[in-house]
Amino acid sequence: PTNKLVYQYAYDGKLEWLKNHFGDNFFDSINIIKGKKEEYCTGKNCVLIDDRKDLCEDWVTAGGIAICHQDIVSTIEQLNEIIFKYEEWK
């Protein structure tokens, strides 16, 4: 497969993972962005989930919130904490 095809499968897989763990309503309050690092939307309340520590560090430096994915349980726990805080920020 081409890199573009592999990239699309990874993106689709991440969307499916979010849907399976957080339900369809989860997408009502978030935007899923795909693109190169330069195209990231960073800032307050913008969350990156990635397994690359360097990307997570860059994201935080730019003002975003990052979860460095290591395992499903800790990623879900961290995301739930962020969602809870977001509800308080509204």
Side-chain angles (χ1 to χ4, degrees):
T2 65
N3 285 341
K4 189 173 183 179
L5 185 58
V6 170
Y7 180 74
Q8 185 62 45
Y9 285 138
Y11 177 77
D12 292 344
K14 289 175 184 180
L15 292 178
E16 188 66 27
W17 184 88
L18 288 167
K19 182 179 175 182
N20 288 339
H21 288 87
F22 295 97
D24 290 325
N25 293 336
F26 181 74
F27 295 99
D28 293 342
S29 60
I30 66 164
N31 294 313
I32 305 294
I33 298 169
K34 66 178 181 177
K36 296 179 182 177
K37 179 180 171 185
E38 301 84 39
E39 299 167 350
Y40 288 160
C41 172
T42 57
K44 185 178 178 184
N45 301 339
C46 292
V47 180
L48 172 70
I49 301 173
D50 202 290
D51 58 353
R52 290 186 49 191
K53 186 176 180 181
D54 61 322
L55 292 180
C56 291
E57 290 171 352
D58 290 347
W59 188 271
V60 171
T61 299
I65 300 166
I67 297 172
C68 193
H69 176 73
Q70 295 178 352
D71 62 81
I72 291 172
V73 172
S74 65
T75 296
I76 290 173
E77 287 175 355
Q78 291 176 69
L79 189 54
N80 279 328
E81 288 175 18
I82 292 167
I83 292 168
F84 179 75
K85 287 178 185 176
Y86 174 77
E87 291 299 320
E88 291 178 349
W89 295 333
K90 284 185 176 178

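Note that the numbering runs from 1 along the sequence shown for the chain.
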Could you go through residues 64-75 and list every donor-acceptor pair under 3.5 Å that involves a side-chain atom there, pairing it with any protein atom two or more places apart or in another chain?
unit_1	atom_1	unit_2	atom_2	d
His69	ND1	Thr75	OG1	2.6
Asp71	OD1	Val73	N	3.2
Asp71	OD1	Ser74	N	2.8
Asp71	OD1	Ser74	OG	3.3
Asp71	OD2	Ser74	OG	3.1
Ser74	OG	Asp71	O	3.4
Thr75	OG1	Asp71	O	3.0

Worksheet item: Between Asp54 and Arg52, does at least one N-O distance fall below 4.0 Å, as a salt bridge requires?
Response: yes
Worksheet entry | Joint hydrophobic cluster, Val60 plus Ile83, side-chain heavy atoms closer than 4.5 Å | no
Fill in: Step-by-step side chain to side chain contact (heavy atoms under 4.5 Å, CB included) determination, Ile49 to Trp59
CA-CA 10 Å; Ile49 301 173; Trp59 188 271; over 6 Å; no
Worksheet item: Nearest 0.5 Å, what's the NZ-CG distance between Lys14 and Leu18?
Response: 9.5 Å
